[in-house]
Amino acid sequence: MCGAAADGGELLAAAFESAIASRSPRLGRAAHARALRLLTPALPPFICAHLVNLYSKLDLPAAAAAALASDPHPTVVSFTAFISGAAQHARPLPALSAFAGMLRLGLRPNDFTFPSAFKAAASAPPRSTIGPQIHSLSLRFGYLPDDAFVSCAALDMYFKTGRLMLARRLFDEMPNRNVVAWNAVMTNAVLDGRPLETIEAYFGLREADGLPNVVSVCAFFNACAGAMYLSLGEQFHGFVVKCGFQMDVSVLNSLVDFYGKCRCAGKARVVFDGMRVRNSVSWCSMIAAYAQNGAEEEALALYLGARSSGEKPTEFMVSCALTTCAGLLGLDLGRALHAVAVRSCIDENIFVASALVDMYGKCGGVEDAEQIFFEISQKNLVTWNAMIGGYAHIGDARNALLVFDDMIRSGGTSPNYITLVNVITACSRGGFTKEGYELFETMRERFGIEPRIEHYACVVDLLARAGMEEQAYEVIQGMSMRPSISVWGALLGACKMHGKTELGRIAAEKLFELDPQDSGNHVLLSNMFASAGRWAEATDIRREMKNIGIKKDPGCSWVTWKNVVHVFRARDTKHEMHDEIQALLSKLRKQMQAAGYMPDTQYALYDLEEEEKESEVFQHSEKLALAFGLICIPPCVPIRIMKNLRICVDCHRAFKFISGIVGRDIIVRDNNRFHHFKQFECSCGDYW
DNA sequence: CTAGGGTTAG
């Protein structure tokens, strides 16, 4: 009888183990059923512990709790199995309450229990004392800093709960620091955004004659990625290959990520292509590497490749792909991914939800962004930033400020520099000059955020746009850092808008120094002279462009209809619907003129007659795209037009008329922002 | 029968 139980026990143990290894709840339940059949009438204690371990490791919390509850005499082993599974699967609360439960039963946690308890306590909020309490309990039970497992777990817990002093002290007290202790220092320094410390810790490990392992290597690449240490990372790449770490999937994944973050998508791809084994992390890293380097098409192709090679649309996969859509302004694709997220039950994941808010905001669907945003119960910094950014895109300063206020008052999240960039941008575009400037002036004392170059660019834009170019110039002159292209660009743009030719010339000359090849600035300056009637100077700039070989970026606009992108250039005659488009445009021209429209031809080529100029502006790419949209897209659907340059002044004026005449919503996304035309008006209030 | 440090996303 006893022997039979033992034999059955060995068989069962093997069955439990293989169910856990293959992560198969089906195999697990089968092994459980077999145990019930073989061992009657009652399961022996060690099988009860096995069952708790099985269900806990398979992430079946209800079954694990039931197994623990049905154990007539639970031991420290059953409890530890439960706690460890819960901690590994990010369920810290059940883990900690089981820990408290075993103490109440008078069971003494052992050196296997404490590491899992610390792992659970590591995800407690920063102010929580649960971690330190468990630590003092472990000391009371005699686990001194020389127990590597216990103290490494405590060390990691102190780092993850933001108690850096205590972590540092524990680390210094450890008599024999193993590689795991060094790794805890390295990985947490990366997570906290101190990559330099990670690299220092790596050299500390080497000086102490420790051998790095896979985890140390990943942390090192992560640090190089975070600090953009391309050449250090490349050297380390060579070393890692020599040590034979290059067979490890995680190491290769972190290499892909490293090259991607260091703007070397090509090198990332070489690593990715050389991988013999890939997991979903590999695909996500490579998709992100493309998306972060402006190669959205490649990113999207890779996403489709991952799906067709059987990868599941995980939270990671979908949020990577959504970022790609945001960069591509691919609203239709983004909607499709939204549907994928809903079907896969991951749309409430905070990363996916924030990515959706971001995507809708950037692709011109603020209403959809809002709807998702207001349903997110646990908003974090990125969620708030994405929503405020969405309002900034359409220049809705009022809502941006309201949401910013909500964020501050909710108290859970403090703004970061991106929040301030987004709010000030919204103020700038929405004409809330006073509010925006006040925020800029007080951000240091109110939120402890040091103004960065981005904030200067925003505030120069804010002031200059509102006609205060001189104040904006004073802000630039008072800067402690070197003004960037965006700073001078903001000033130049506003000077052109308000005809401040002299200051505009100063800004343009700075821009020519900083970026001699950029055509946009030359065109802007030339147009500025042209609209001031200073044709000679305008012509000079054009001639200079020709001399140094700068070509004007060809402007183009595009409309997506039935999954086909229709691209238009100015004076395009090649489109299959050319005749219909021209017919509609001339009909619209008459209707608009009857409604009081006057063409704005001041930037058209200046050697043309006035009448020719009028025809000229009627061949702009955005007007061709709009006419195509009006013909093809049914009346209830808004027409969405993308443009690679800024929308032209005349097209902006014309679109307002057309939106009213035909009673359609027209949404234009240019290289700067959205314009939503409706009933003879534009969402930007002509302030752009 | 139970244990620590890990790669990807907004």
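Just so we're on the same page: letters track the sequence lines, and every chain starts at 1. Not measured: the values here are computed from a predicted model.
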Original post:
Residues in ring-ring contact (aromatic ring centres under 6.0 Å, His included) with A/Phe239, at least two apart?
Top reply: A/Phe236
Subject >> Residues forming a side chain to side chain donor-acceptor pair (under 3.5 Å) with A/Thr383, sequence neighbours excluded >> reply: A/Ser354, A/Asn380
**OP:** Please name all residues satisfying salt bridge (Lys or Arg N to Asp or Glu O under 4.0 Å) with A/Arg91, sequence neighbours left out, ordered by chain then number.
**Re:** A/Asp59
**OP:** Report yes if the ring of A/Phe46 lies under 5.5 Å from the six-membered base ring of B/dC1 with planes under 30°, and no otherwise.
**Re:** no
Original post:
Of all of residues 75-90 of chain A, which get a heavy atom below 4.0 angstrom from DNA chain B, listed by number?
Top reply: A/Val77, A/Thr80, A/Ser84, A/Gln88
Original post:
Any chance the side chains of A/Asn222 and A/Ser254 put a donor and an acceptor closer than 3.5 Å?
Top reply: no
Original post:
Is A/Asp248 side chain donor-acceptor paired with the B/dG6 base, going by distance under 3.5 Å alone?
Top reply: yes
Subject >> Distance-only donor-acceptor test (3.5 Å): side chain A/Ser250, base B/dG6 >> reply: yes
Subject >> Under the ring-ring contact (aromatic ring centres under 6.0 Å, His included) test, residues paired with A/Phe149 that sit two or more places apart >> reply: none
**OP:** Sort and list the pairs that fulfil ring pair (Phe, Tyr, Trp, His ring centres under 6.0 Å) and have at least one residue in residues 346-371 of chain A, not counting sequence neighbours.
**Re:** A/His338-A/Tyr360
Original post:
Can you name the side chain to side chain donor-acceptor pair (under 3.5 Å) partners of A/Thr80, sequence neighbours left out?
Top reply: A/Thr113
**OP:** Ignoring hydrogens and angles, state whether a donor on the side chain of A/Asn253 or A/Ser285 is under 3.5 Å from an acceptor on the partner side chain.
**Re:** no
Subject >> Residue-level proximity of residues 254-272 of chain A to DNA chain B when a heavy atom falls under 4.0 Å >> reply: A/Asp257, A/Lys261
Original post:
Which side-chain hydrogen bond (donor to acceptor under 3.5 Å, both in side chains) pairs, counting each pair once, include a residue from residues 363-374 of chain A, with sequence neighbours left out?
Top reply: A/Glu370-A/Tyr391
**OP:** Describe the nucleic acid contact of A/Asn222 in one word from base, sugar-phosphate, nothing, applying a heavy-atom distance below 4.0 Å.
**Re:** sugar-phosphate
**OP:** Indicate whether OP1 or OP2 belonging to B/dG10 is found under 4.0 Å from a side-chain N or O atom of A/Thr323.
**Re:** yes
Please tabulate, for side-chain N and O atoms in residues 173-181 of chain A, each donor-acceptor pair with protein atoms closer than 3.5 Å (sequence neighbours left out).
| unit_1 | atom_1 | unit_2 | atom_2 | d |
| --- | --- | --- | --- | --- |
| A/Arg177 | NE | A/Phe171 | O | 2.9 |
| A/Arg177 | NH2 | A/Asp172 | O | 3.2 |
| A/Asn178 | OD1 | A/Val180 | N | 3.2 |
| A/Asn178 | OD1 | A/Ala181 | N | 3.0 |

Original post:
Which of residues 377-391 of chain A sit near DNA chain B, with a heavy atom under 4.0 Å from it?
Top reply: A/Asn380, A/Val382, A/Thr383
**OP:** Tell me, please, which residues at least two apart from A/Asp406 pass salt bridge (Lys or Arg N to Asp or Glu O under 4.0 Å).
**Re:** A/Arg409
